[in-house]
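Report on one structure; see the data block that follows.
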Number of protein chains: 2
Amino acid sequence: MATIYDVAERAGVSLATVSRVMNKNTNVGEKTKQKVLAAMAELDYRPNTFAQSLASNSSNSIGVLVSQLDGPYYGPMMAEIESALRATNKHVIIAVGHSVAEQEIDSVEFLLGRGCDALILDVEAVSDEYLIELSQGATPIVLINRYISDISDRCIYLDNELGGYLATRHVLELGHRDIAYVSGPKRKHDAVERLEGHKKALAEFDVPYKASLCVEGDYKEDGGVVAMEQLLDSAQRFTAVVCANDQMVSGAISVCLERGLKVPGDLSFVGYDNIPFARYISPKLTTVNNPIHEMGKMAALWLLKNIYKNDQLEVTNVFVPELVVRGSARRPGNK
Amino acid sequence: MATIYDVAERAGVSLATVSRVMNKNTNVGEKTKQKVLAAMAELDYRPNTFAQSLASNSSNSIGVLVSQLDGPYYGPMMAEIESALRATNKHVIIAVGHSVAEQEIDSVEFLLGRGCDALILDVEAVSDEYLIELSQGATPIVLINRYISDISDRCIYLDNELGGYLATRHVLELGHRDIAYVSGPKRKHDAVERLEGHKKALAEFDVPYKASLCVEGDYKEDGGVVAMEQLLDSAQRFTAVVCANDQMVSGAISVCLERGLKVPGDLSFVGYDNIPFARYISPKLTTVNNPIHEMGKMAALWLLKNIYKNDQLEVTNVFVPELVVRGSARRPGNK
DNA sequence: CTGTTAGCGCGTTCAA
DNA sequence: TTGAACGCGCTAACAG
């Protein structure tokens with residue numbers, strides 16, 4: 001592999017000059033610049049990124065920490081982050097936190113140790129304090145899916161409470177009054193925020209919130225299955241079910257279908273996230289859109305703007321969810 | 001940030017000794033080792049990975065190139081690769097090829113330029129020749145989802161033809177004789193292999209293959225929608241549809257349901273991949289299991305074994321697909 | 001078992 | 001505008 005020395009020798013200049021043309025330093029004569037460029041091409045020269053990083057103390061790499069890699073949720077986000085960063089020749093190092101504080105911290109340490117220029121974090125288990133302290137360190141961080149007021153400008157998040165509100169308001173407006181709710185894990189911020197929205201909508205329609213109609217799921221399909229069985233077996237009356245994400249809806253609906261219930265004839269459903277599958281399952285899901293891929297993109301843009309001083313980029317911090325009406329919720333009794 | 005010099009000074013040894021204990025080199029006296037360890041802890045020392053890489057010419061990073069990051073397919077694969085590698089303190093740099101030759105090559109160059117110790121590639125567009133040549137370079141590669149006989153030991157793949165065969169044989173055994181097939185893009189290897197299996201099964205049952213019943217999709221939900229509409233509008237007779245992946249099945253089924261057809265009453269479906277959602281859509285999908293996450297894990301193990309000399313790992317190259325019978329296919333006319 | 005000494009390839013002063 | 005020299009933090013011979 002050719003080094004900067006080889007290029008310098010071939011071009012008849014010093015290595016400092018080669019370094020200058022590489023780094024777009026303008027203080028180079030046009031003729032010498034061309035000579036160097038030619039030499040680089042002839043030798044198929046490629047800079048050694050380790051040496052660059054060591055000397056410059058900057059790696060052009062961004063650490064991305066997500067909760068999980070499988071599932072329909074993080075793929076689109078990762079895709080957007082990768083493409084936005086890649087377009088500017090930065091690269092992505094990924095790590096997974098599994099929503100466990102210890103692993104999240106471990107992963108952050110890992111990424112920091114790898115000399116990342118910045119971190120994009122989608123973490124759920126670590127405390128606000130930890131993140132605030134981390135944000136004061138040398139490596140900039142951006143938070144996705146989390147709002148911490150002390151560092152609000154570094155947060156890219158969805159108004160989850162509004163989303164929960166919209167979902168429940170929809171079934172209320174359809175006329176439902178007995179509404180079950182399948183929540184996400186209470187330890188996750190977005191889960192409690194969505195539930196708050198749910199309660200807010202109920203209150204607005206003067207419908208009392210009944211804890212017995214609210215069951216906690218795990219955000220996965222199976223959680224929807226378990227929750228639905230529990231709800232159905234409790235022999236409580238309800239005509240609609242609002243779930244904190246689409247995966248749980250699909251699990252819940254599968255239980256209903258198995259038991260011979262019609263959806264949305266007997267039971268209406270509203271989901272959350274609008275995952276790609278939402279429009280292809282039967283019935284097509286009425287759900288709340290979660291622009292997760294846009295949030296990923298925005299996190300990348302934030303970095304480009306703030307770390308690499310790539311201005312003229314407009315950054316939005318809060319995303320607002322929208323209701324997507326399809327076929328899984330109807331007026332009660334309207335079979 | 002403390003350097004190796006600081007540690008050496010504090011421990012009262014030379015930097016070479018510090019380097020030795022870091023690299024688990026046993027040629028260090030127990031007492032001095034403890035002194036060094038203590039000094040490292042006190043200083044909160046963390047090695048500079050760039051300097052390590054520069055000096056050792058090895059980065060402990062693996063480049064992973066996948067076709068896409070979204071969709072239900074690559075997430076599980078990435079998850080397994082990440083966790084297997086991470087467990088041995090290696091890290092993953094990801095790149096996306098989008099199934100376009102130019103981008104795939106570009107990404108390979110990119111990862112190579114980043115000094116990856118090895119590459120895991122899931123590429124579809126580049127030629128066999130390119131990969132063979134690449135495999136002879138300095139950086140080891142492993143191929144996922146692709147078989148090239150010249151470098152078969154570096155290939156981790158699924159017997160796609162067998163999978164296609166199993167899917168179609170299933171509906172044949174149920175008694176179907178008029179069977180439509182929704183293929184993946186013909187430019188993708190796995191798509192043509194699966195189609196081959198389909199034809200083989202037909203031949204075995206003396207059912208002639210009719211090109212008019214075979215339509216090419218794009219492996220996405222929408223492709224299933226378009227293909228199904230085309231099939232239905234062609235007014236041809238068929239009682240079963242075999243799709244080259246589950247996403248297309250879900251799209252296809254949604255069209256049928258919209259047009260009032262019963263599944264599997266009027267039309268039987270068999271998919272391919274057994275994506276997580278397959279068991280939660282209605283009807284539950286009969287499909288061919290594609291152990292993509294195991295293949296990801298195996299690719300990682302291959303590297304650990306061959307690059308980092310981590311022996312005692314057993315590596316399997318070929319994975320065999322299995323039929324998963326659920327509810328989307330029945331005997332014809334059995335409503 | 002431990003210390004000394006070269007580099008690894010490049011960025012970045014400082015002079016010229 | 002260009003070049004010489006030093007240092008980034010660490011690994012890997014080679015001595016001792």
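Labels below follow one simple rule: chain letters A, B, ... track the order of the sequence lines, proteins then strands, and each chain is numbered from 1.
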message = Can you identify which nucleotide, out of C:dC8, C:dT2, C:dC10, has its nearest atom closest to the B:Thr17 side chain?
response = C:dT2

ask   = With sugar-phosphate meaning primed atoms plus P, OP1 and OP2, does B:Thr32 contact a base, only sugar-phosphate, or nothing at under 4.0 Å between heavy atoms?
value = sugar-phosphate

request  = Any ring-ring contact (aromatic ring centres under 6.0 Å, His included) involving residues 126-157 of chain B? Give me the pairs, sequence neighbours left out, ordered by first then second residue.
outcome  = B:Tyr147-B:Tyr157

request  = Give the nucleotide from the list C:dG9, D:dT2, C:dT4 with an atom nearest to the side chain of B:Ala16.
outcome  = C:dT4

inquiry  = Nearest to the B:Val13 side chain among D:dT11, C:dG3, D:dT2, which nucleotide is it?
reply    = C:dG3

key: Nearest-nucleotide pick for B:Leu15, side chain only, options being D:dT11, D:dA5, D:dT2   = D:dT11

request  = Specify the residue among A:Tyr5 and A:Arg20 whose closest nucleotide of DNA chain D lies further upstream toward the 5′ end.
outcome  = A:Arg20

remark   = Closest non-hydrogen atoms of A:Thr316 and A:Met298, given as atom of the first, atom of the second and distance, are O-CG, 3.1 Å

request  = Output yes when at least one side-chain N/O atom of A:Ser56 is less than 4.0 Å from OP1 or OP2 of D:dC8, else no.
outcome  = no

message = If you compare every side-chain N and O of A:Ser14 against the phosphate oxygens of D:dA4 (OP1, OP2), does one of them come in below 4.0 Å?
response = no

ask   = Which nucleotide sits closest to the side chain of B:Asn23: C:dC10, D:dG3, D:dT11?
value = D:dT11

request  = Respond yes when some side-chain nitrogen or oxygen of A:Gln52 is under 4.0 Å from OP1 or OP2 of C:dG11, and no when none is.
outcome  = yes

